[in-house]
Every structure is written in C-alpha cells, then in structure tokens.
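Since the structure is predicted, the reported quantities are computational estimates derived from the model, not experimental observations. Along the sequence shown, residues are numbered consecutively beginning with 1. Ligands are counted one by one from 1 in listed order, and the atoms in each one are counted from 1 as well.
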Amino acid sequence: MNSADLMRRRERALGPAYRLFYGTPLHVARGSGVWLYDVDGRRYLDCYNNVAVVGHAHPAVVEAMARQAGRLNTHTRYLHEGIVDYAERLAGLLPDGLDVCMFTCTGTEANDLALRMARAVTGHAGAVTLTDAYHGHSAAVYPLSTEDCPDRERPPWVAVAPAPDEYRAGARDRRDAFAAERGAAVGEAAAGLAAGGHGAALFLCDTAFSSNGVLTPPPAYLQTAFREIRRAGGLAVADEVQAGLWRLGDGAWGFEASDVAPDIVTLGKPLGAGYPLAALVTRRDIAEEFAREHHYFNTFGGSPVAAAVGSAVLDVIEREGVPQNVQRTGRHLADGLNRLRQRHPLIGDVRGRGLFFGIELVRDRSTRQPAPRAAERVRDRLRENGVLLGTTGSHGNVLKIRPPLVFERRHADRLLETLDEGLAWAESRT
Ligand code: PMP
C-alpha cells in the first residue's frame, strides 16, 4: 500500500485528533538498534526515540517478552516472582526510603495515581505544574499538561508556575539566584491554591524539562521548589518519564543532579523499551496512608510479561554498559554541539547532558527572537538526509535530540555532520 492511500485510510479510521511527524510522514517498516527503516528499505539514524532505550527491537528484550508470553501472562492478583523481583530491582536503583513500587501501563496513569495518592495523603486537592509542561492525557492529568491543555480549560485546582528557563529570561549571568527565584515561584503558586481553598497536594516536575525545551537549571531550582511545596503541605513529585534510566548521564534519575529526594517518582517510556510498562515509586509511609482507604489494581500493569520485559531492559543496561556509554557518547556529542554553536549564528543556545539535548534556534542572538521556521526546516532537511530528530519548546524553535542510549560515537559524528549541513542550509535561506 502506498503512503498516500494509507494516510487517507488512517484519517478515516483514526479520525482527525492524531498527528504525524513531518509534512510528508515517515512510513516505517522496522527498527534495529539506532536505525529505523522505511517501507522502501531506506535507513534513518534515530536521534529521537527515547522509548527504544536499548535500541529498537533489542533481541534480548524481544526474547524475554516472547518467552514469558508463551508461558504465562496474568495479573497482580496472583502470586508470581516476576513483578516482585522487578520491583526490588527498581527500588534498589532509587534513593533509600523510596521502596514501594506500583505498576501502571503508561506515564499518564502513573501521574494520575500520584495525584490521587497525594490528595489522599495531604488532604489537599490542588496541584502545581509548570508552563509548557507535559505529564499525560487523562482527564485528571491533562490540565497539568500546560503544553497542550488550553488555558480556558484549566480547573481552579491547578496552579501554573513559570519554568526555570534562564536563557529566555536572560539570566545566564545569575543562574543560581534565578533558579532560587523560580523555585520560590512554586511556593507562590501553592499559596494561590491555598487562598482559593484547594491547598497544594503536589508539585509535579519533569526533571528533564523536556517540553520546556530541555532545561538544565542548577540544583537550587529543585531544592527550593521541593522545600516550598513541602512547606505548603504538599508532596514533591519527580516525573522521570523522560529523564529516567540514565538518560541524563550523571545518574539513573534526573533529580539526582540536584541532590534532592522526591516523595513520589513516576516512571514510564523507557522502562519497557516499547512494551507498556510504567510505575510509581514512593515511601512506605505514603503508600500505607493511601492504602488505608484505597486498594489498587491495574489489569495489565505489572503483568508477568511486563515484569520480564522490565527486567530484561535492566539486564541489557548492565551488560552493555549503557550508563558508561551515555556519559562517553554524551560528552562527545555535547562538545560537537558546542562547536556547531560557535560556527552557526542560528544557534542561540545548546542545553542538555547525557544523551538529551535541546538546541535553541534564534533569528538574532542578541534579542533571542525564536526561529521556529528554521527549526522546522533543519528538522526536515535532516530527515531528507537520513537523520531523525524533533522540535520542542514553547516557541517550537528548539531541536530535540534524544536517541536510544546505545548511540555510539560514530552515530554522534554522523548526526553532527548532518546537522552542520542542515544549519548551513537553513542559514542560507533566512
Ligand atoms: N510525563 C512526561 C514527562 C512525558 O514526557 C510523558 C509522555 N510524553 C508522559 C508523562 C505521559 O506518558 P504516556 O504517554 O506514557 O502516558
């Protein structure tokens, strides 16, 4: 079937709410490692897909999934070793005290459960989220996804604090003070909720600040924000759906770099490397308080197959030295991106660490005027040249680089060369 016919069928079958990447969408047929292949057999270097954390179709993950599916797949109302082993391993990767794991199928569900839990434990109803955040699509969580949810649909129990975007705020020369100010803004948002009669049950924060354009505030940000939300009687919740499992290089979790311990951590995307596996991890006292009045069951969450896949992903990460690769390749890529910044006036800012970068494109470095058209052009040009990346940020002018964590130096070099050409091409057209 050709792509145009498939698009028409898809539109009829799925309706108009869905979106495809690219003006001419990529019609994919298979994936392997860091490569995606289209229906014509052309291969693309995947610099975007974080779900395929150990590479597309990793044989050890596929084998574990198939083996368990061929043996047993029930749910958590039966006793089975798989999910207990996996929960213990996951808790072992988190700071002491965060040792109760509850399983869901999606990041949305994990955040939804975090909201229910925080409400039950604090007795408050409200939530503090950031500008341009994304935390999921359920009726309860969608209003916290300020990137998508229209302002007029925001219920009064949601308060929005400004994201710690030091570049846009022109605060690069006073990073720590700015981070503390933006952290304090979480307290101000919580006070607004209290004044409205809701109180703050939680502050939910994507520790990679992915939809904000990949921000890297100094530790003062989370330290201040977590202190403020606790002072307001709420819980500090780290959404590690993007940052989790060594994406940021310096540890398994995004919050580690800030030397803070959240009350609840939510996990998703990379855990199952494509199999729907997500989780919430919290302290025993919080889990016990929640369980006084609430039971929890999720038909597919934490099934034997989910557990087998999750364990296989952790095995591959250990066996293949993925954390070391993220640091090594990440440093090489960061150096290369910073060199591109020196050569290309279109680049206003390069941010990120590990294997997660945002490259903010501007029309003018001194005014920082966003260049979303150029970002789109560069992204499309790279696709033509066999490299896939995305765009993000409130202005859509940030190129997002977030490859599988088995991305190697030679792949980074290929990305850098193609990006160099793409930027020059876009610059010649502005
Ligand atoms: N939190 C963050 C930070 C995310 O990026 C996403 C997904 N983009 C979610 C939560 C929701 O996860 P899911 O799509 O699995 O529901």
Closest approach of L222 to C205 (non-hydrogen atoms, all atoms of both residues) |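 Shortest heavy-atom contact: CD2-SG, 3.9 Å.
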Relative to the ring of H294, is the ring of F290 parallel (under 30°), tilted (30 to 60°) or perpendicular (over 60°)?
->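 Ring orientation of F290 relative to H294: parallel.
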Determine the interplanar angle of the F255 and W253 rings, folded into 0 to 90°, and report it as parallel if under 30°, tilted if 30 to 60°, perpendicular if over 60°.
->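 Taking W253 first and then F255, their aromatic rings lie parallel (interplane angle under 30°).
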Those atoms of ligand 1 less than 4.0 Å from some heavy atom in N111 |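 Matching atoms, with element in brackets: 1 (N), 10 (C).
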Heavy atoms only: which of N50, D112, T108, T106 is nearest to atom 11 (C) of ligand 1?
->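 Comparing heavy atoms across N50, D112, T108, T106, the nearest one to atom 11 (C) of ligand 1 lies in T108.
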Could you find the nearest protein heavy atom to [atom] and give me its residue, atom name and distance?
| atom | answer |
| --- | --- |
| atom 5 (O) of ligand 1 | Q242 NE2, 2.7 Å |
| atom 15 (O) of ligand 1 | G107 N, 2.9 Å |
| atom 1 (N) of ligand 1 | D239 OD2, 2.6 Å |
| atom 2 (C) of ligand 1 | Y134 O, 3.3 Å |

Does R368 use its side chain to pair, donor to acceptor, with the backbone of Y167 at less than 3.5 Å?
->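 A pair under 3.5 Å: yes.
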Any sub-3.5 Å donor-acceptor pair from H395's side-chain atoms to N397's backbone N or O?
->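 A pair under 3.5 Å: no.
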Within 6.0 angstrom of R77 CZ, more than 12 heavy atoms from elsewhere |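 Open: at most 12 neighbouring heavy atoms sit under 6.0 Å from CZ of R77.
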Kindly confirm or rule out an N or O of D206 lying under 3.5 angstrom from an N or O of ligand 1.
->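 Looking only at distances, the answer is no, because the N/O contact criterion of under 3.5 Å is not met.
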E109: heavy atom below 4.0 Å from ligand 1, yes or no?
->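 Checking ligand 1 against E109, which is what was asked, there is no heavy-atom contact under 4.0 Å.
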